[in-house]
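Order of the sequence lines fixes the chain letters, A, B, ..., with proteins taken first and strands second; residue numbering starts at 1 for each chain. On a predicted model such as this, the values are computed, not experimentally measured, just so you know. All values below were derived from every heavy atom in this structure, side-chain atoms included, with hydrogens, water molecules and symmetry-related copies excluded.
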2 protein chains.
Amino acid sequence: MTGTPHIAQRPRRADGQRNYDAILAAARKAFEADGSEASLENIAAQAGVAIGTLYRHFPSRASLVEAATRDGLADLVTHAERLASSPDPLRALSEWMEQAVRHFSTFRGLVGILAQSMYDEGTPSHAMCSAMHHGGADLLRAAQAAGLVRADLTPDELFDLLSGAAWVREQSLPSSSGRDGSPRFLRLVLEGITTRDREP
Amino acid sequence: MTGTPHIAQRPRRADGQRNYDAILAAARKAFEADGSEASLENIAAQAGVAIGTLYRHFPSRASLVEAATRDGLADLVTHAERLASSPDPLRALSEWMEQAVRHFSTFRGLVGILAQSMYDEGTPSHAMCSAMHHGGADLLRAAQAAGLVRADLTPDELFDLLSGAAWVREQSLPSSSGRDGSPRFLRLVLEGITTRDREP
DNA sequence: ACCTGAACACCGTTCAAGT
DNA sequence: ACCTGAACACCGTTCAAGT
């Protein structure tokens, strides 16, 4: 399952750039309304281009999802770097995890794509996932070094917990047919992984 | 999103029963290979019937999934009833949760269907989900009464944790492209929800 | 370099005709 | 009561022709 991941190239002509932007805007709208399996033909139509133009800029659905989520996930990486020097490593980790869960559940289907991309190099989102993995691992290590989070938790496990929390949140998107999309799940996880320093 | 859920009726004629069984067997195979979105036309072909016959017995994909998973989930409910009188309520809850996660992740896409069905009465799997909810809630209550699990955890939250664990496990199905589908997630959750009785 | 849209493939779903 | 398969709709994906 390897291969060169296709990261969408910036167009070199003005009309190409216009179409590229229009497709991306339409895609974000469609993904938030219908999830990651939204109709590509509909996205092209909303953007006012033919279907072939969409495929020219984004040769696969995964590459379109990658382009549509790149900025948000890049923010996450930046945020991790800024938090890495925090004097309160547990609070830093918690804050970052909350933000991560929010981004992972931007629309239905995203967290599944990210979870696959995390360990599959032949995937457009792999680079961004890898960067997030490193950022999260640093915050985890700091919290563990301070004795605030259980030492046996690995970065991979941290991301399983994050992904699980994001998936649960995703279930109540977008017009939340059921209940609230409260961050209670994440809070339970957080309290679960902190070191135990109370009495019975 | 309400309405009468269609639970597949048992056929009244011998040829109908034969086809019903063949479709169900083909569906289970296809779901395990391709997930809950497996091609219905292919299932019909594997069962040796025309597509119209599949629709006659199972008017929606959800009703086919329900029929394919009913027995396994019924076992889960039975198991919960048997465990309810266990002298070790925490062990009972843990065992049942492990079994639940295994069943929820029988094939890709199942846990999403179950999570939707849990709170949507107009769904074929709702009845079975509701029964599981009650069974799990009883085990939770017993463990809480014994002071072994944090008292503020609700049954809904228990099922969010179970679903999240099942979804993470599902990600490494069926030919596990990536890593192991270890039950480490669930163990972290379990240790997270038990009451804290160690020292720092 | 970029765009268009016809063409093909595949699948879900319904329904008239048949036994 | 049950089965068949044609018919329709919709969508993903490719590619020859054009600017």
From C-beta outward on [X], which listed nucleotide comes closest to its side chain: [options]?
X	options	result
A:Glu41	D:dC2, D:dG12, C:dC2	D:dG12
B:Thr53	C:dC2, C:dT4, D:dT4	D:dT4
A:Tyr55	D:dG12, D:dC2, C:dT14	D:dG12
A:Arg56	C:dA1, C:dT4, C:dC11	C:dA1
A:Leu40	C:dT13, D:dG5, D:dG12	D:dG12
A:Ile51	D:dT14, C:dC3, C:dT13	D:dT14
A:Asn19	C:dT13, D:dC3, C:dC3	C:dC3

Could you pull out every donor-acceptor pair under 3.5 Å between side chains of residues 30-41 of chain B and any protein atom, sequence neighbours left out?
unit_1	atom_1	unit_2	atom_2	d
B:Ser39	OG	B:Glu41	N	3.4
B:Ser39	OG	B:Asn42	N	3.0

Is [X] near enough to [N] that one of its side-chain N or O atoms lies under 4.0 angstrom from OP1 or OP2?
X	N	result
B:His57	D:dC3	yes
A:Arg12	C:dC2	no
A:Ser39	D:dC10	no

Practice task
Could you tell me whether B:Arg18 and B:Asp15 make a salt bridge, using a distance below 4.0 angstrom between a side-chain N and a carboxylate O?
Solution key: no
Exercise for the section: May I ask you to decide whether A:Arg10 forms a salt bridge with A:Asp21, counting only side-chain N to carboxylate O separations under 4.0 Å? Expected result: no
Exercise for the section: Look at the side chain of B:Arg13 and the base of D:dA1, then say whether one donor and one acceptor between them are separated by less than 3.5 Å. Expected result: yes
Exercise for the section: Rounded to the nearest angstrom, tell me the gap between atom CZ in B:Arg18 and atom P in D:dT4. Expected result: 11 Å
Exercise for the section: Ignoring hydrogens and angles, tell me if any N or O in the side chain of A:Gln144 forms a donor-acceptor pair with the backbone of A:Arg150 under 3.5 Å. Expected result: yes
Exercise for the section: Check whether any side-chain heavy atom of B:Thr154 sits under 4.5 Å from a side-chain heavy atom of B:Leu140, and report yes or no. Expected result: no
Fill in the blank from the handout: Any stem touching DNA chain D, meaning at least three consecutive Watson-Crick or G-U pairs under 3.5 Å, ordered by first number, would be C:4-8 with D:12-16, C:12-16 with D:4-8
Exercise for the section: Begin with the C-alpha distance, continue with both residues' side-chain angles, and end with the deciding distance and a verdict on side chain to side chain donor-acceptor pair (under 3.5 Å) for B:His103 and B:Asp75. Expected result: CA-CA 10 Å; B:His103 274 92; B:Asp75 285 351; 5.0 Å; no
Fill in the blank from the handout: Walking DNA chain C from its 5' end, the first of B:Pro59 and A:Tyr20 to be reached, judged by nearest nucleotide, is A:Tyr20
Practice task
Would you mind classifying the nucleic acid contact of B:Gly16 as base, sugar-phosphate or nothing, using non-hydrogen atoms under 4.0 angstrom?
Solution key: sugar-phosphate
Handout entry: Touch class at under 4.0 angstrom, heavy-atom based, for B:Ala38 against every strand present
Key = sugar-phosphate
